[in-house]
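Single-structure report; data block below.
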Amino acid sequence: MALLEIKKAGDPVLKEICKPIEKIDKRLRNFLDDMAETMYASEGVGIAAPQVGVAIRACVVDVDKKNRYDMINPVITFREGTVIDNEGCLSCPDLFGDVERAEKIRVEYISRFNKKKTLEAEGLLARCIQHELDHLDGKLFIDIATNITKGKKDKK
């Protein structure tokens, strides 16, 4: 495994609409592992392929360091409720802002082993998945956030 360079706001790859993945193979699985290693080393809870310079529809999410989800071609098929909370992003270091997101979601994706999966999520997991899927559509959280602040996130 290897640490990858995290692209920062302003890099054109972060504005690209990512291409669907057509082939799941060892190379892609190794890339997902490298993405996860990069996410953990950066103390993140999610990372999307464009954040490491590759415009494909893949992301890795692990909000509790126990349940890692490798999502290939993910699509949110259901949203319920709304909640506003503070977010940050590995591609926007030291920036935080309030973002309105669905409180509960259902996402369909392909696993690293080429299996169709459906996941129902709420709370931080739902927020993180929505954040990462925004990356796959060329959006950063700062494009939709309010009350953007610089510096360390306030611990409530």
Side-chain angles (χ1 to χ4, degrees), residues 1-21 28 30-77 79-109 112 119-156:
M1 293 199 302
L3 290 178
L4 305 170
E5 176 192 351
I6 296 174
K7 303 299 181 181
K8 304 297 186 246
D11 191 303
V13 72
L14 295 172
K15 292 296 184 181
E16 287 186 42
I17 295 180
C18 296
K19 294 180 174 80
I21 294 168
L28 177 63
N30 288 340
F31 177 64
L32 291 166
D33 290 339
D34 290 345
M35 286 175 56
E37 183 177 359
T38 303
M39 175 188 73
Y40 293 130
S42 303
E43 298 183 17
V45 294
I47 194 165
Q51 289 183 274
V52 292
V54 183
I56 59 173
R57 297 193 77 77
C59 62
V60 176
V61 174
D62 188 350
V63 299
D64 59 9
K65 307 298 184 247
K66 296 177 190 169
N67 296 296
R68 177 176 142 189
Y69 298 98
D70 295 349
M71 298 183 172
I72 299 163
N73 299 331
V75 176
I76 294 173
T77 59
R79 298 173 195 262
E80 180 180 281
T82 60
V83 64
I84 297 172
D85 204 351
N86 202 256
E87 291 185 17
C89 180
L90 297 175
S91 292
C92 306
D94 297 324
L95 292 180
F96 298 91
D98 295 332
V99 179
E100 183 176 331
R101 302 241 184 234
E103 191 171 14
K104 296 179 182 180
I105 64 166
R106 181 179 308 119
V107 62
E108 295 179 0
Y109 62 97
R112 65 185 288 123
L119 175 65
E120 294 191 10
E122 59 185 279
L124 181 58
L125 180 58
R127 176 167 294 279
C128 186
I129 292 168
Q130 291 170 85
H131 177 112
E132 299 313 327
L133 270 61
D134 277 355
H135 279 297
L136 304 183
D137 292 328
K139 289 187 239 167
L140 293 172
F141 91 99
I142 56 175
D143 297 332
I144 57 174
T146 59
N147 301 318
I148 296 174
T149 60
K150 198 169 180 141
K152 285 199 175 235
K153 180 181 171 188
D154 249 352
K155 298 281 182 188
K156 292 182 182 176

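Since the structure is predicted, the reported quantities are computational estimates derived from the model, not experimental observations.
Contacts classified as salt bridge (charged side-chain N to carboxylate O under 4.0 Å, His left out) and involving residues 5-14 (residues at least two apart or in different chains) are given here: Glu5-Lys7. For residues 119-128, the set of pairs meeting the side-chain hydrogen bond (donor to acceptor under 3.5 Å, both in side chains) definition, not counting sequence neighbours, comprises Glu87-Arg127, Arg106-Glu120. Sorted by first and then second residue, the salt bridge (charged side-chain N to carboxylate O under 4.0 Å, His left out) pairs with a member in residues 40-66 read Arg57-Asp137; sequence neighbours excluded.
Across Ile6, Ile142, Val13, a single residue satisfies side chain to side chain contact (heavy atoms under 4.5 Å, CB included) together with Ser91, and that is Ile6. Exactly one residue among Val63, Ile129, Leu125, Val60 makes a side chain to side chain contact (heavy atoms under 4.5 Å, CB included) with Tyr69. That residue is Leu125.
Partners of Arg68 under the side-chain hydrogen bond (donor to acceptor under 3.5 Å, both in side chains) rule, at least two apart in sequence or in another chain, are Asp33, Asp70. Listed by chain and residue number, Lys15 satisfy the side-chain hydrogen bond (donor to acceptor under 3.5 Å, both in side chains) test with Asp143 (two or more places apart in sequence, or in another chain). Every residue two or more places apart in sequence or in another chain that forms a side-chain hydrogen bond (donor to acceptor under 3.5 Å, both in side chains) with Asp134 is listed here: Arg101.
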Test side chain to side chain contact (heavy atoms under 4.5 Å, CB included) on Asp34 and Leu3; report intermediate values, then the result. CA-CA 6 Å; Asp34 290 345; Leu3 290 178; over 6 Å; no
Give the C-alpha distance, both sets of side-chain angles, the deciding distance and a yes or no for side chain to side chain contact (heavy atoms under 4.5 Å, CB included) between Ile76 and Gln130. CA-CA 8 Å; Ile76 294 173; Gln130 291 170 85; 3.7 Å; yes
Test side chain to side chain contact (heavy atoms under 4.5 Å, CB included) applied to Ile56 and Leu28, step by step: CA-CA 10 Å; Ile56 59 173; Leu28 177 63; 4.1 Å; yes
Kindly determine whether Ile47 and Cys59 satisfy side chain to side chain contact (heavy atoms under 4.5 Å, CB included), including the steps that lead there. CA-CA 6 Å; Ile47 194 165; Cys59 62; over 6 Å; no
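Of all heavy-atom pairs spanning Phe141 and Gly97, the tightest one is CE1-N, 3.5 Å. Across Cys92 and Ala9, no two heavy atoms sit closer than the pair SG-CB, 4.1 Å. Closest non-hydrogen pair, Leu90 versus Pro93, comes out as O-CD, 3.9 Å. Contact record, Pro50 with Leu14: O-CD2, 3.6 Å, taken as the closest heavy-atom pair.
Val61 is listed as a side-chain neighbour of Glu132, based on a closest heavy-atom distance under 4.5 Å. The shortest side-chain heavy-atom distance between Thr149 and Phe96 falls under the 4.5 Å cut-off. Side-chain contact between Tyr109 and Leu119: present, with at least one pair of heavy atoms (C-beta onward) separated by less than 4.5 Å. His135 has its side chain within reach of His131: a pair of non-hydrogen atoms, C-beta onward, lies under 4.5 Å apart. In this structure, Gln51 and Cys89 have side chains that are in contact, with non-hydrogen atoms separated by less than 4.5 Å.
Atom CG in Asn147 sits 5.0 Å away from atom CG in Asp98 (nearest 0.5 Å). Distance check, rounded to the nearest 0.5 Å: CG of Asn30 to CG of Leu32 gives 9.0 Å.
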